[in-house]
Amino acid sequence: MIEKNYQPADIESRMSRIWDESGAFKAGRPERKGAEPFTIVIPPPNVTGSLHMGHALNNTLQDILCRFERMRGRDVLWQPGTDHAGIATQMVVERQLMERQEPGRRDLGREKFLERVWQWKAESGGTIINQLKRLGASCDWSRERFTMDEGLSRAVVKVFVELHRQGLIYKDKRLVNWDPALVTAISDLEVQQVEVKGHLWYLRYPIEGKNFSPDDPTSFIVVATTRPETMLGDTGVAVNPDDERYTNLIGKNVILPLVGRKIPIVGDEISDPEKGSGAVKVTPAHDFTDFEIGKRHGLPQINVFDKEACLTLVDNEDYLRGLPEGASQLAEELNGLDRFVARKRIVARLEDFGFLEKIEPNVHMVPHGDRSNVVIEPYLTDQWYVDAKTLAAPAIAAVRSGATTFVPKNWEKTYFEWMENIQPWCISRQLWWGHQIPAWYGPDGKFFVAETEEEAVGNALGYYVEQEVITPEQGAEMARDASKREGFITRDEDVLDTWFSSGLWPFSTLGWPDETPEVQRYYPTNVLVTGWDIIFFWVARMMMLGIHFMEEAPFSTVYIHRLVRDEKGAKMSKSKGNVIDPLGVIDDYGADALRFALARGAAHSHDIKLSPQLVETNRNFATKLWNACRFAEMNGCAMPADFDPANAQETLNRWIAHETSRATREVTEAIEGYRFNDAANAMYRFVWNVYCDWYLELAKPVLTGEEGTAKAETRAMVAWARDEILKLLHPFMPFITEELWAVTAKRDGLLVLADWPRKAGALSDEQLASVVTTSPSDAVIPSVILALDAGEFSDPEAEAEIGWVVDLVTAIRSVRAEMNIAPSVLTPLVLAAASDESKARAQRWIDTVKRLARLADVSFADRAPEGAVQLLIRGEVAALPLKGVIDFAAERSRLEKEIGKADGDIKRVDAKLGNEKFVANAPEEIVEEEKEKREAALARKTKLQEALERLKRAS
RNA sequence: GGGCACGUAGCUCAGCGGGAGAGCACUACCUUGACAUGGUAGGGGUCACAGGUUCGAUCCCUGUCGUGCCCA
């Protein structure tokens with residue numbers, strides 16, 4: 001029994017439980033052993049995260065695919081889980097410690113702190129997973145994984161060690177993006193370029209050997225910089241070799257103001273004569289461009305900052321080297337200052353001595369850490385790197401060859417662009433939470449990489465014994481007792497970038513490096529679904545590592561969806577306060593409504609603009625479906641076991657079978673093509689505008705009429721079409737459809753595992769195989785094809801008849817509305833000179849048409865009565881005698897307008913047909929169509945003119 | 001500066017070579033036995049602009065203008 005009101009909250013909690021208990025989402029269900037697998041790995045959300053609209057969209061789309069394929073009989077594995085989010089998690093736990101006024105991270109020490117992180121994870125790490133369940137995500141929750149799990153960690157170590165052995169992981173001293181607040185390196189992708197209103201400082205650098213005077217331009221060269229404080233680390237000045245102002249200066253030296261360091265002027269193409277003064281200071285240790293310039297010209301790298309981006313000058317050998325007496329005074333004065341305080345001091349000091357020429361306002365992009373939101377410092381450190389360029393080559397090739405394809409295809413260009421310009425990937429992070437790097441250092445800094453401490457230590461001790469640093473006895477002792485080697489052999493403190501482990505996700509979650517049956521069966525996966533904003537995080541990493549270790553790309557398709565924005569098109573952000581919380585929306589309107597709203601908006605070329613109102617609209621759709629099912633129930637609609645829609649006798653029933661078949665085809669093809677919006681919108685139209693608006697309305701007289709075969713068949717068909725609708729809608733609106741499935745009939749099983757309505761002409765792989773194996777000489781048509789032909793239901797005659805009814809009813813309603821005829825007034829209808837076919841149709845539909853068009857009765861006549869409103873329905877006149885009601889002038893102008901339209905059509909077609917080139921060049925069927933159009937328009941015009949004549953006579 | 005999109009009804013978007021569409025919003029009427037979270041009807045668009053290709057362009061090409069995003 002269906003409840004009177006649709007209440008999503010009730011249904012959703014109940015269905016979640018039922019699905020969970022049934023094990024419906026589990027991969028490898030025994031009855032699907034022989035089925036083809038369908039695999040999606042979830043792009044692992046951050047364990048600290050909570051569900052935002054982006055997740056809601058991303059997972060709705062994945063769920064549509066999974067439920068669709070599950071209903072098509074595939075063995076679906078949707079692999080869920082979260083990543084450990086090194087920086088974010090560490091920040092969350094540190095904040096928690098602070099709020100609780102407990103000892104901080106450094107006070108606790110590494111081991112204790114990590115215990116706290118695990119404790120936090122146990123308590124709060126399941127948030128987003130539970131939220132995904134509320135959305136209805138049909139993941140195999142029994143297989144949930146976490147990137148710090150034992151197995152996945154083993155995969156990480158193995159990958160690190162192997163890549164290192166292959167020379168694809170190495171240690172290097174390069175500039176990294178350094179976050180001075182979090183005190184760690186971060187990746188390019190964690191850096192946000194933010195437009196900042198800054199300044200351009202023009203500084204005078206005195207030329208060696210000249211007497212510096214601010215009034216003598218030949219005594220100095222002007223450099224422009226956005227970061228004057230870095231001048232302490234300058235080791236050169238670069239000018240463009242083609243810049244005539246400076247060519248004579250190349251090779252000379254300048255004396256660095258305040259510092260006194262002698263640094264060369266070099267010629268380098270990178271210097272843009274148009275920009276600033278045309279000369280730039282070169283600070284190789286603090287700027288990516290300068291680093292390259294420095295390398296080209298052999299300039300030293302002088303690092304003047306510490307890890308927190310405070311000046312470190314005292315005891316800084318690189319800085320002090322070669323400086324004149326008195327330099328240490330400045331060093332002491334500035335030492336320890338924050339970079340922005342230092343900037344002010346240095347600028348003031350430069351100004352005092354006449355070294356500051358001018359300051360211009362300058363809007364420029366400044367890198368910020370996306371977590372800490374502080375300015376990122378290019379910083380010279382030792383870090384571990386992955387040779388991404390080498391790994392990228394096969395990843396590029398996989399897309400070029402079509403082994404992996406992007407949907408929509410144009411994202412491939414972005415992918416190539418990025419992959420072809422990929423930089424070495426810095427994978428070490430100065431954090432505690434994460435996979436600690438499996439490298440051990442000896443006293444001389446030499447490192448030993450191995451999968452286990454035992455192995456690494458063994459190698460190290462062997463080496464140092466051989467080098468006679470220690471005796472064999474000492475070595476044996478240290479090998480036996482870990483405390484003995486403390487301080488001699490130490491493990492690398494750093495951990496790996498979270499993405500290093502996420503990159504392994506498509507196979508580490510399946511049990512790799514163990515040779516599990518799951519790896520065999522579910523790798524490679526079918527599709528990765530992700531937003532374009534993070535294409536490089538997931539796609540690139542998973543592609544590179546997947547191909548390298550599994551010898552096959554991790555997914556054959558990458559579906560890129562757009563972003564969810566607010567109703568005005570602005571990106572949702574906490575600071576703007578325009579965030580729509582998916583859970584709030586689910587509370588208000590239900591998960592099904594949210595999912596359907598997202599799916600209907602998920603077009604390929606646009607971001608989705610979402611508003612609560614839009615979700616409400618889709619909740620209304622759910623209500624509509626609910627009430628349609630209630631209607632069916634109240635009318636005793638049920639499907640006998642042996643019911644076959646293809647054998648229906650009633651035209652109306654054949655028509656809805658025809659329309660259902662068409663909807664099935666549309667929806668199936670749209671999902672197959674990842675056109676979620678087309679699929680959802682096709683269902684919206686079919687349910688509302690076909691099933692509810694016409695089929696149920698037209699069926700009402702039968703359902704409320706006398707018992708008999710027609711009524712029995714209609715009851716069965718109403719139920720059949722309803723079931724097809726529930727199936728077709730299930731991937732989009734799983735909760736309501738499952739509920740309605742359960743309450744509308746006695747079922748063999750859950751809807752989630754029911755068979756997808758067969759698309760006309762589509763063969764399952766199994767069926768295909770059986771067709772293919774049938775030898776061509778075999779005259780027997782495989783039975784499977786016959787069965788499928790029956791499944792493709794088409795009935796143009798039924799379509800024509802119901803179309804006629806629809807047109808008639810619509811036209812009468814329209815004219816009644818125009819003439820302001822009250823609904824309570826029933827009018828007669830006269831069909832003039834009706835064909836036998838129309839007469840027969842009218843007889844069959846008389847009750848329905850009377851009801852829907854509010855008619856008193858229907859009769860036939862040779863011609864329309866005098867003074868009637870005359871409607872043209874599919875070439876024949878239907879008249880409403882409305883003496884006393886009809887406004888002759890208005891009716892005349894209506895008919896004249898109609899005639900005008902017909903005339904316009906004829907003229908347009910005549911223009912075409914009169915054009916020799918058209919007749920000669922256009923395809924025959926188009927010409928034929930145009931001729932038919934002309935005929936039709938002409939016939940319409942003739943009839944309308946007759947009607948007008950009659951009207952004139954009457955008035 | 002380089003790249004990718006996108007300018008179609010008030011709004012959000014579909015259509016992408018042969019008669020301009022949907023949803024929402026709006027207007028009018030309707031509490032008719034599934035549904036007012038509803039029904040019926042209606043108004044509303046030189047498909048950004050300019051060229052070109054074509055028998056024919058909202059659709060393909062070029063350019064202009066405008067908008068958004070990504071990378072420098």
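We name chains A, B, ... by the order of the sequence lines, and we start the count at 1 in each one.
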Report the distance from atom [atom1] of [X] to atom [atom2] of [N], rounded to the nearest whole Å.
X: A:Arg813; N: B:rU32; atom1: CZ; atom2: C1'; answer: 11 Å
X: A:Glu818; N: B:rU40; atom1: CD; atom2: P; answer: 17 Å
X: A:Met819; N: B:rC30; atom1: CE; atom2: C1'; answer: 20 Å
X: A:His561; N: B:rA5; atom1: NE2; atom2: C1'; answer: 17 Å
X: A:Ile821; N: B:rG42; atom1: CD1; atom2: P; answer: 14 Å
X: A:Leu696; N: B:rA34; atom1: CG; atom2: P; answer: 10 Å
X: A:Glu925; N: B:rG56; atom1: CD; atom2: P; answer: 19 Å
X: A:Asn618; N: B:rC24; atom1: CG; atom2: C1'; answer: 10 Å

Which value, in whole Å, describes the distance between the [atom1] atoms of nucleotides [N] and [M]?
N: B:rG17; M: B:rA41; atom1: C1'; value: 34 Å
N: B:rG21; M: B:rC61; atom1: P; value: 25 Å
N: B:rU62; M: B:rG3; atom1: P; value: 13 Å
N: B:rC26; M: B:rG18; atom1: C1'; value: 34 Å
N: B:rC24; M: B:rA9; atom1: C1'; value: 12 Å
N: B:rA50; M: B:rA25; atom1: P; value: 35 Å
N: B:rA22; M: B:rU54; atom1: C1'; value: 30 Å
N: B:rA72; M: B:rU67; atom1: P; value: 23 Å

Side-chain N or O of [X] less than 4.0 angstrom from OP1 or OP2 on [N]?
X: A:Asn915; N: B:rC55; result: no
X: A:Lys933; N: B:rG19; result: yes
X: A:Lys901; N: B:rG19; result: no
X: A:Asn620; N: B:rG38; result: yes
X: A:Lys413; N: B:rC4; result: yes
X: A:Thr414; N: B:rC70; result: no
X: A:Trp688; N: B:rU37; result: no

Base, sugar-phosphate, or nothing for [X], non-hydrogen atoms under 4.0 angstrom?
X: A:Lys609; result: sugar-phosphate
X: A:Glu930; result: sugar-phosphate
X: A:Cys692; result: base
X: A:Arg619; result: base
X: A:Gln613; result: sugar-phosphate
X: A:Tyr684; result: sugar-phosphate
X: A:Thr810; result: sugar-phosphate
X: A:Lys700; result: base

task: Apply the side chain to side chain donor-acceptor pair (under 3.5 Å) test between A:Tyr695 and each candidate in A:Thr714, A:Asn653, A:Thr660; give the one that qualifies.
output: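 By the side chain to side chain donor-acceptor pair (under 3.5 Å) criterion, A:Tyr695 pairs with just one of A:Thr714, A:Asn653, A:Thr660: A:Asn653.
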Given 3.5 Å as the limit, does a donor-acceptor pair link the side chain of [X] with the main chain of [Y], or not?
X: A:Arg595; Y: A:Leu61; value: no
X: A:Asp290; Y: A:Thr283; value: yes
X: A:Asn58; Y: A:Val529; value: yes

At their closest point, which heavy atom of [X] faces which heavy atom of [Y], and how far apart are they?
X: A:Glu666; Y: A:Ala682; answer: OE1-CB, 3.2 Å
X: A:Ala597; Y: A:Leu614; answer: CB-O, 4.3 Å
X: A:Gly601; Y: A:Ile608; answer: O-CG1, 3.3 Å

message: Could you check whether the side chain of A:Glu697 and the base of B:rA34 have a donor-acceptor pair of N or O atoms closer than 3.5 Å, going by distance alone?
response: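 A donor-acceptor contact between them is present.
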Closest nucleotide among [options] to the [X] side chain:
X: A:Ile926; options: B:rC35, B:rU37, B:rG18; value: B:rG18
X: A:Lys624; options: B:rA34, B:rG18, B:rC30; value: B:rA34
X: A:Thr623; options: B:rC35, B:rC29, B:rG18; value: B:rC35
X: A:Pro923; options: B:rC30, B:rG18, B:rA41; value: B:rG18
X: A:Asp678; options: B:rA14, B:rU40, B:rC55; value: B:rA14

Tell me whether the NZ or CZ atom of [X] lies within the 45° cone about the ring axis of [Y] and under 6.0 Å from its centre.
X: A:Lys624; Y: A:Tyr684; value: no
X: A:Arg541; Y: A:Trp425; value: yes
X: A:Arg722; Y: A:Tyr691; value: no

Given RNA chain B, 5'-ward residue of the pair A:Glu417 and A:Val809, judged by closest heavy atom: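 Here A:Glu417 is the residue nearer the 5' end.
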- request: Tell me which of A:Asn627 and A:Phe918 sits closer to the 5' end of RNA chain B, going by the nucleotide each one is nearest to.
  value: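 Looking at the nearest nucleotide for each, A:Asn627 comes out on the 5' side.
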field: Paired and unpaired positions of RNA chain B as dot-bracket, Watson-Crick or G-U wobble under 3.5 Å, | denoting a partner strand
entry: ((((((((.[[[[.)..(..]]]].(((((.......))))).....[[[[[..)....]]]]]))))))).
field: Between A:Asn677 and A:Asn681, a side-chain donor and acceptor under 3.5 Å
entry: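 Their side chains do not contain a donor-acceptor pair, so the 3.5 Å distance test is not met.
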